[in-house]
Amino acid sequence: MGERGSAVLSAREQLDILREGVVEIIKEEELEAKLERSVREGRPLKIKQGFDPSAPDLHLGHAIGLRKLRQFQDLGHTVIVIIGDYTGMIGDPTDRSETRPKLTHDEVQANARTYTKQLHKILDPLKTEVVMNGDWFSKMSFAEVMDLAGRYTVARILERDDFTNRFQNQQPISIHELFYPLMQGYDSVAIKADVELGATEQKFNCLVGRELQKAYGVEQQVVMLLPVLEGTDGVRRMSKSIGNYIGIDESPKEMYGKTMSIPDTMIIRYFELATVVGSEEVAAVRRELEGSEANPRDTKRKLARAIVSLYHGPEAAVSAEQEFDRIFAKGGLPDEIPEPHVVLKGRPDERGGVWIVALLTGAGLTKSNGDARRLIKQGGIKLDGSPVTNVDSEVPLDEPHLLQVGKRRFAKILPERVTYDGRED
RNA sequence: GGGGGGGUGCCCGAGUGGCCAAAGGGAACAGGCUGUAAACCUGUCGGCAUCGCCUUCGGAGGUUCGAAUCCUCCCCCCCCCA
């Protein structure tokens, strides 16, 4: 373990650090005992956290847990990240809305690499092991599966809220979905986890892990539950599939902009969960917001800078802010404007002009011609900086033009990147 | 195996022969305002060179001048009984 084997903190001191920001520890005495033994025997604890293999975009919600894992690492412990390639074949029953396409082995491998890359933005690569639960599940015989299934009861599985709700709402539950908690729990058996980290909504699954470890004669893990961060809508939990997430791998300006779009009521919450500012500073922010002097916008700017700095550094945060001001406060242009390849049906008119509506759609700025018409009528389209009011406008393609939809969508139309699909009439 | 209920646009959800491209809500997008891509207000929200036409209401057929709405078969989901 120790490339820094020297100053190991006492169990008590470690516990004090680890407890911070945690919603619940089951059970704290056990964690303390494990830490004590770890210190005494100079043996790191194994900290487990699992991830779904299908959605490799980690976001600020995941980061809460990752920072906690990082704390464990900094205290000398080992983190084992489990990519649930087998559990992913089921999909967590929590959000079983889409039927997930089965991932191929190669796709899972690719996703695992993407994960690892993102994980290393927060975790210490030297103390992080990434494994897939297919490593053990693919080798299990049917008899072993039956044995696993025999160690838990239907009634206990149905205690889980999601199942109960779905049952009551007359939504389908497939039998293999009942295996999800068992499989996640068995992961803990397989790696002999000392601690499993999860968001509060994972409580049930993590506790199944404890039960199964007991059933299999493995020392029980401690369950450490962390808060769930709301997404940019301020209501539902941050999630890729809902689309209300801020990814830790996103560009500074996306991060900055998305942060600015959270409801004002979420500012404190984000300071607490999405940044690393201390509790006194959060308290100061709270006072600032409650007092009437400060403009919440400025507090939110501070938040956005803090978040961007965390992942991209302070300079990037400053330039993201400048760009944001330029575009939104002053209605200016971004640094980089896409120059799409435009394919048009038919051909230009004699003067080399192209119908504005077709151009917008061809450039991918609007979904359809109808969409483009509507936006023009609503005054949402600008050509070279001035609003387009006439749906029938022709744009001469003798020189580059700047097209803008709303405040956020831009495209530079270069004549040499416009082609015609040659369709006659 | 028996009985009952249900599958509608991105999501939820009304609609049981023409007034339905389909109410309402949410999401999203645009405009206004502002303190920001907050909040609030207004508008838009299947496609088409634009008020008429085309393609949508699980799938395939059929009845009808006309079907999301009726009939037949099929697929899927839920509940109750066994």
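Letters A, B, ... are given to chains in the order of the sequence lines, protein chains preceding strands, and every chain is numbered from 1.
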With P as the reference atom in both, quote the distance from B:G32 to B:A38 in angstrom, rounded to an integer. 14 Å
The single option from A:E250, A:M238, A:K258 passing side-chain contact (heavy atoms from CB on, under 4.5 Å) against A:L60: A:M238
With nearest nucleotide decided by heavy atoms, which residue, A:T259 or A:N369, maps closer to the 5′ end of RNA chain B? A:T259
Take atom P in B:C53 and the same atom in B:A68, then report the distance between them in whole Å. 16 Å
Give a yes/no verdict on base stacking between B:A49 and A:W355: centres under 5.5 Å, planes within less than 30° of parallel. yes
Taking the side chain as every heavy atom from C-beta outward, state whether A:L45 and A:T78 have any pair of such atoms under 4.5 Å apart. no
Please report the distance, rounded to the nearest Å, between CG in A:D325 and C1' in B:G35. 12 Å
Take the protein atom CG of A:L344 and the nucleotide atom P of B:A49, then report the distance between them rounded to whole Å. 13 Å
When you compare B:A27 with B:C79, how far apart are their P atoms, in angstrom units rounded to a whole number? 31 Å
Checking ring-ring contact (aromatic ring centres under 6.0 Å, His included) against A:Y186, which of A:F179, A:Y152, A:Y180, A:F137 comes through? A:F137
Could you tell me whether the side chain of A:H59 and the main chain of A:N244 form a donor-acceptor pair under 3.5 Å? no
Under a 3.5 Å limit for both distances, which nucleotide forms a Watson-Crick or G-U wobble pair with B:C73, could you say? B:G59
How far, in whole Å, is B:G58 from B:C51 if one measures between their C1' atoms? 33 Å
If I pick the C1' atom on B:C80 and the same atom on B:C70, what distance separates them, to the nearest angstrom? 28 Å
Mate of B:C10 where both pairing distances stay under 3.5 Å, Watson-Crick or G-U: B:G26
Specify the closest pair of heavy atoms between A:K139 and A:D135, including all atoms of both residues, with the distance to one decimal. NZ-O, 2.8 Å
Nucleotide B:A37, atom C1' - distance to CZ of A:F410 in whole Å: 12 Å
Touch class at under 4.0 angstrom, heavy-atom based, for A:P296 against every strand present: base
Rounded distance in Å between the C1' positions of B:G59 and B:C77: 15 Å
Selection from B:A37, B:G35, B:A38 that lies nearest to any side-chain heavy atom of A:F328: B:A37
Could you list all N or O pairs between the protein and nucleotides 29-31 of chain B that sit under 3.5 Å apart?
{"from": "B:C29", "atom 1": "O3'", "to": "A:R409", "atom 2": "NH2", "distance (Å)": "3.1"}

Base-pairing assignment for B:C19 (Watson-Crick or G-U wobble, both under 3.5 Å): none
Atom C1', compared across B:G47 and B:U42: separation rounded to whole Å: 26 Å
Residue whose nearest RNA chain B nucleotide is more 5′ - A:V357 or A:I262: A:I262
List the steps, then state whether side-chain contact (heavy atoms from CB on, under 4.5 Å) holds for A:V222 with A:I25. CA-CA 7 Å; A:V222 169; A:I25 298 175; 3.7 Å; yes
Closer than 3.5 angstrom, by distance alone: can the side chain of A:D371 be matched with the main-chain N or O of A:T366 as a donor-acceptor pair? no
Find every protein N or O atom lying less than 3.5 Å from an N or O atom of nucleotides 20-24 of chain B, and list the pairs.
none

A:R297 has an atom CZ; how far is it from atom C1' of B:A37, in whole Å? 13 Å
Spacing between A:M260 atom CE and B:A39 atom P, to the nearest angstrom: 13 Å
A:L310 vs A:R67 side-chain heavy atoms within contact, under 4.5 Å: yes
Given atom CG of A:L360 and atom P of B:A49, what is their separation to the nearest angstrom? 13 Å
Taking only nitrogen or oxygen atoms into account, show me every contact under 3.5 Å that the protein makes with nucleotides 50-54 of chain B, one pair per line with its distance.
{"from": "B:U50", "atom 1": "O2", "to": "A:R373", "atom 2": "NH1", "distance (Å)": "2.6"}

Using only side-chain N and O atoms of A:S368, determine if any of them is under 4.0 Å from OP1 or OP2 of B:G46. no
Do you see a donor-acceptor pair shorter than 3.5 Å between the side chains of A:Q71 and A:E20? no
Just by distance, no angles: are the side chains of A:T128 and A:Q73 close enough, under 3.5 Å, to form a donor-acceptor pair? yes
Say whether A:H77 and A:Q14, considering side chains only, have a donor N or O and an acceptor N or O under 3.5 Å apart. yes
Validate the cation-pi geometry between A:K382 and A:F410: distance from NZ or CZ to the six-membered ring centre under 6.0 Å, angle to the ring axis within 45°. no
B:G35 pairs with, by Watson-Crick or G-U criteria that keep both distances under 3.5 Å: none
Separation between the C1' atoms of B:A67 and B:U72, rounded to whole Å: 15 Å
Measure the distance from CG on A:L289 to P on B:G35 and round it to the nearest whole Å. 17 Å
When rounded to whole Å, the CZ to C1' distance for the pair A:R236 and B:C12 reads 11 Å
Going by purine N1 to pyrimidine N3 plus the second Watson-Crick contact, or the G-U wobble pair, all under 3.5 Å, which nucleotide sits opposite B:C45? none
Which heavy atom of A:P400 sits nearest a heavy atom of A:D384, and at what distance? O-OD1, 4.4 Å
Under the criterion side-chain hydrogen bond (donor to acceptor under 3.5 Å, both in side chains), which of A:E30, A:Q221, A:E196 is the partner of A:R210? A:E30
